[in-house]
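Heads up: the structure comes next, in structure tokens.
Convention: sequence-line order gives letters A, B, ...; per-chain numbering from 1.
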Number of protein chains: 2
Amino acid sequence: MLSKACEYGIKAMIYLAGTSQEGQRVSLNLVAQHIESPEAFTSKILQKLAKAKVVKSVKGAKGGFELNGSTSKEIFLWDIVVAIDGTAIRDDCFLGLNYCSRSNPCPVHDKYEKIRDDIMSFLMKTSVHDLSLTVQEGKSFLS
Amino acid sequence: MLSKACEYGIKAMIYLAGTSQEGQRVSLNLVAQHIESPEAFTSKILQKLAKAKVVKSVKGAKGGFELNGSTSKEIFLWDIVVAIDGTAIRDDCFLGLNYCSRSNPCPVHDKYEKIRDDIMSFLMKTSVHDLSLTVQEGKSFLS
DNA sequence: TTTAAATTGGACAAATGTGTCCGATTTAAA
DNA sequence: TTTAAATCGGACACATTTGTCCAATTTAAA
Ligand code: SF4
Ligand code: SF4
């Protein structure tokens, strides 16, 4: 479903949502520790997220990462997926047909369309904020 | 979601369901043409499906491939997925946590669990026969 | 028995995804 | 001004997936 990089990216964003009150920054090292991902690989992922403007990175001493913009309520899973994996999960559907439509459907269309719509709805309507709450309460976990 | 190999495998099975009345065989070349996949790669995939006993292969002149067993109604998408991709799609869920459960869930569990169950239900309850009907009627397509 | 049609399986090649290393650069603080 | 703490970015390494090539084998038919 998602690439490993994208899984790490989502976890990183959820972690950052819990540390990003009032411009407080955390280092790459801390992020990687909390989401249990290789540090150098996490670095690449955070760079992608920074280029997509969903995280803000600050270089130099006392630098680090924080969520960009005012609030994690405005950042949705879909933003992260697009930044890291692109739109293939939406565009290349179940059987990976090059061209499909309601008048030229693949054989699974009738049975799969609802699942695809549910996935897209989940990705576009679930905010990082939604997910960070239970982590901060200790009711869900990133590793 | 699925590997390319698995997509080809599903298409091949759906195509074979339309050609496999009464032990009639089709060649690798024909299968690859109809599902628009590279012939040599398709060969590897059909070999996997043959080892999983969902297709029967016959070597030599007048040989070829046909569905194994009596009917495509007994072969489900899940059988094909397991034969080619294994059970990762079921075992490694959305965020790829190593260990998760209702008492140790990842942050998306509440929102994603239903989608996962819907996908598994779709894979386990959809038979190749279900899918081949609309193709034979010209109402859906494999390319 | 010979030939042609077909799958099989091993080795290889290319592309992508995952992960590492390290020097360059930036910034805050001593 | 110097130093230490950080991210950045390019090059590389490794694993997996995707795809190709070809000789070996099997089988039906001439
Ligand atoms: S399920 Fe529908 S949308 Fe998805 S590939 Fe098939 S025809 Fe296209
Ligand atoms: S959604 Fe639920 S089942 Fe899937 S990884 Fe998260 S906790 Fe596990």
Side-chain angles (χ1 to χ4, degrees), chain A residues 1-12 16 19 23-33 35-68 81 83-86 88-89 92 95-96 98, chain B residues 1-12 16 19 23-33 35-68 81 83-86 88-89 92 95-96 98:
Chain A
M1 174 91 76
L2 302 179
S3 70
K4 216 82 180 94
C6 199
E7 291 175 8
Y8 292 147
I10 290 172
K11 289 183 193 175
L16 287 176
T19 66
Q24 193 180 348
R25 294 167 203 145
V26 288
S27 68
L28 167 63
N29 180 275
L30 272 181
V31 175
Q33 269 189 353
I35 69 176
E36 284 194 323
S37 81
E39 190 169 322
F41 194 40
T42 310
S43 171
K44 302 298 187 192
I45 294 161
L46 288 172
Q47 281 176 47
K48 275 197 175 183
L49 294 174
K51 271 173 192 144
K53 311 272 191 194
V54 291
V55 310
K56 181 173 138 192
S57 71
V58 178
K59 294 172 84 170
K62 296 283 174 182
F65 298 91
E66 59 187 294
L67 291 195
N68 201 0
V81 171
I84 297 174
D85 282 353
I89 191 178
D92 308 340
L95 288 185
N98 291 325
Chain B
M1 172 94 71
L2 302 178
S3 70
K4 217 82 181 94
C6 199
E7 290 175 9
Y8 291 147
I10 290 171
K11 289 183 193 175
L16 287 176
T19 66
Q24 192 181 348
R25 295 166 204 147
V26 287
S27 68
L28 167 62
N29 180 275
L30 271 182
V31 175
Q33 269 189 354
I35 70 175
E36 284 195 322
S37 80
E39 189 168 323
F41 193 42
T42 309
S43 171
K44 302 296 186 193
I45 293 162
L46 288 172
Q47 282 176 46
K48 274 196 174 181
L49 293 174
K51 273 175 190 142
K53 311 272 191 196
V54 290
V55 310
K56 181 173 139 193
S57 70
V58 179
K59 294 171 84 171
K62 298 281 175 184
F65 298 90
E66 59 186 295
L67 289 195
N68 201 1
V81 171
I84 297 174
D85 282 354
I89 192 177
D92 307 340
L95 288 185
N98 290 325

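- Here D:dC21 presents its P atom at 11 Å from CD of B:E39, a figure rounded to the nearest Å.
- The listed nucleotides are D:dT25, D:dT18, C:dG19; the one nearest the side chain of A:P38 is C:dG19.
- Annotation: side chain of B:T19 is not in contact with side chain of B:Q24 (no heavy-atom distance under 4.5 Å).
- An OP1 or OP2 oxygen of D:dT7 is reached within less than 4.0 angstrom by no side-chain nitrogen or oxygen of A:Q47.
- With rounding to whole Å, B:K4 atom NZ is found 7 Å from D:dG19 atom P.
- Between B:F41 atom CZ and D:dT16 atom P there is a gap of 16 Å when expressed in whole angstrom units.
- Distances shown here put every side-chain N or O of A:Y8 at or beyond 4.0 Å from the OP1 or OP2 atom of C:dT18.
- Checked against D:dG19, D:dG9, D:dA29, the side chain of A:K51 finds its nearest nucleotide in D:dG9.
- With C:dT26, C:dT7, C:dG19 as the choices, the nucleotide that has an atom nearest any side-chain atom of B:F65 turns out to be C:dT7.
- Positionally, the nearest nucleotide of DNA chain D for A:A61 lies more toward the 5' end than for the other of A:A61 and A:K44.
- The residue B:A50 sits apart from the nucleic acid: no heavy atom pair falls under 4.0 Å.
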B:E39 vs B:S43, test: side chain to side chain donor-acceptor pair (under 3.5 Å). Steps then yes/no. CA-CA 6 Å; B:E39 189 168 323; B:S43 171; over 6 Å; no
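- Rounded to whole Å, atom P of D:dG9 lies 14 Å from atom CG of A:L49.
- Mapping B:L28 and A:G60 onto DNA chain C by nearest heavy atom places B:L28 at the nucleotide closer to the 5' end.
- If you take CD1 of B:I45 and C1' of C:dG9, they are 15 Å apart, rounded to a whole angstrom.
- The residue among A:K62 and A:L2 whose nearest nucleotide of DNA chain C is located toward the 5' end is A:L2.
- Residue B:L30 contributes atom CG, which lies 12 Å from atom C1' of C:dA6 at whole-angstrom precision.
- The nucleotide D:dA30 finds its pairing partner in C:dT1, both defining distances of the Watson-Crick or G-U wobble pair being shorter than 3.5 Å.
- The number of heavy atoms from other shown groups lying within 6.0 Å of NZ (B:K56) does not exceed 12.
- Phosphate proximity of D:dA6 to A:S57: absent, as no side-chain N or O sits under 4.0 Å from OP1 or OP2.
- Atom NZ in B:K56 sits roughly 13 Å away from atom P in C:dT8 (whole-Å rounding).
- In this structure, CD of B:E7 is placed 15 Å from C1' of D:dG19, rounded to the nearest angstrom.
- Smallest separation of non-hydrogen atoms from B:S27 and B:F65: C-CD1, 4.4 Å.
- Listed for the B:D85 side chain is a donor-acceptor partner under 3.5 Å among the backbone atoms of B:S3.
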